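A short write-up of the structure that comes next.
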Amino acid sequence: MDAKHWHQRWENNEIGFHEGDVNRYLDQFFTNLNLQQGDTVFVPLCGKTHDIHYLLAQGMRVVGAELSEIAIKQLFDELKLEPEISQHGELLRYQGANLTVWVGDIFALTANELGTINAVYDRAALVALPKPMRIRYTQHLLELTNRAKQLVVVFEYQQSEFSDPPFSVVADELHQHYDAFYQLTLLCKEPLEGGLKGQVPAMNVAWHLS
Ligand SMILES: C[S@@+](CC[C@H](N)C(=O)[O-])C[C@H]1O[C@@H](n2cnc3c(N)ncnc32)[C@H](O)[C@@H]1O
């Protein structure tokens, strides 16, 4: 999926991926990350997720990366935060209280800009990208975060059913990306109620990478 696809979706408010509340697996498995107050969680491809509200309420510092400035304006509005906005090369940085969001292409972000990351929360980020981009994304994420531990939430389903995101990311693929760097623990795998897009049987799968 190219940048145009995502910009159009935000412009047209076609954001079926956006959940109305905190993701149930973040709520269930946040403590598995074993973080301390004031630690920093990176949320790649963050959209305007309520998971950021949740992480902030747990006393975390949060750093996001998101292509769409529409999403991030809405995120700061919903959090009632007034951002300080600055330009850093191709990226904009939205900064307010314990939240920083880098607006632009995640591949333009550097480890230096990102700073120290204690954990990564990847929900609907890996699955938003087609396979060749997932290879590039996982390598970039490892470099950006110095291999910080991760909570990863993905879908598994018969990929031939859809050619659009969210893509299916099965266990074998996750192992290919990450086995050399992490121990992968399957936290939960359960049917997605109603199926994916209400059409296709799918599984919700949560992983801890440590
Ligand atoms: C499926 S949505 C998930 C958003 C969020 N994680 C959530 O759970 O609601 C994927 C998001 O990634 C953003 N995105 C896609 N490609 C990106 C890129 N190269 N750099 C930064 N953000 C990107 C899109 O704009 C979109 O908001």
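Start at 1 and go down the list; that is how both ligands and their atoms are numbered. Predicted model only: the values in this text are computed from it and were never measured.
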> Are F76 and Y94 an aromatic pair by the rule of ring centers under 6.0 Å?
Replying inline: yes
>> For F107 together with H140, are the ring centres under 6.0 Å from each other?
In response: yes
> If you measure from each non-hydrogen atom of C46 to ligand 1, which part falls under 4.0 Å: side chain, backbone, both or neither?
Replying inline: backbone
> Who gets closest to atom 1 (C) of ligand 1 by heavy atom: A125, S68, A124, P165?
Replying inline: A124
> Should T49 be counted as touching ligand 1, given the test is an N or O pair under 3.5 Å?
Replying inline: no
> Short list, please: which atoms of ligand 1 are under 4.0 Å from a heavy atom of D105?
Replying inline: 18 (C), 19 (N), 20 (N)
> Who are the side-chain hydrogen bond (donor to acceptor under 3.5 Å, both in side chains) partners of E193, not counting sequence neighbours?
Replying inline: none
> Any idea which atoms of ligand 1 are less than 4.0 Å away from a heavy-atom of G104?
Replying inline: 20 (N), 21 (C)
> Looking at ligand 1, does any of its N/O atoms fall within less than 3.5 Å of an N/O of E19?
Replying inline: no
> Do E173 and R134 sit within salt-bridge range, that is, some charged N less than 4.0 Å from a carboxylate O?
Replying inline: yes
> When the ring centroid of W207 is compared with that of H175, is the distance short of 6.0 Å?
Replying inline: yes
>> For ligand 1, which is the ligand I care about here, please tell me if F107 has any N or O atom under 3.5 Å from one of the ligand's N or O atoms.
In response: no
> Got a sec, which residues hit salt bridge (charged side-chain N to carboxylate O under 4.0 Å, His left out) with E19, two or more places apart in sequence or on another chain?
Replying inline: R123
> For I106, is at least one N or O under 3.5 Å away from an N or O on ligand 1?
Replying inline: yes
> Are E161 and K197 within salt-bridge range, i.e. N to O under 4.0 Å?
Replying inline: no
> Taking the non-hydrogen atoms of W10, is any one of them nearer than 4.0 angstrom to ligand 1?
Replying inline: yes
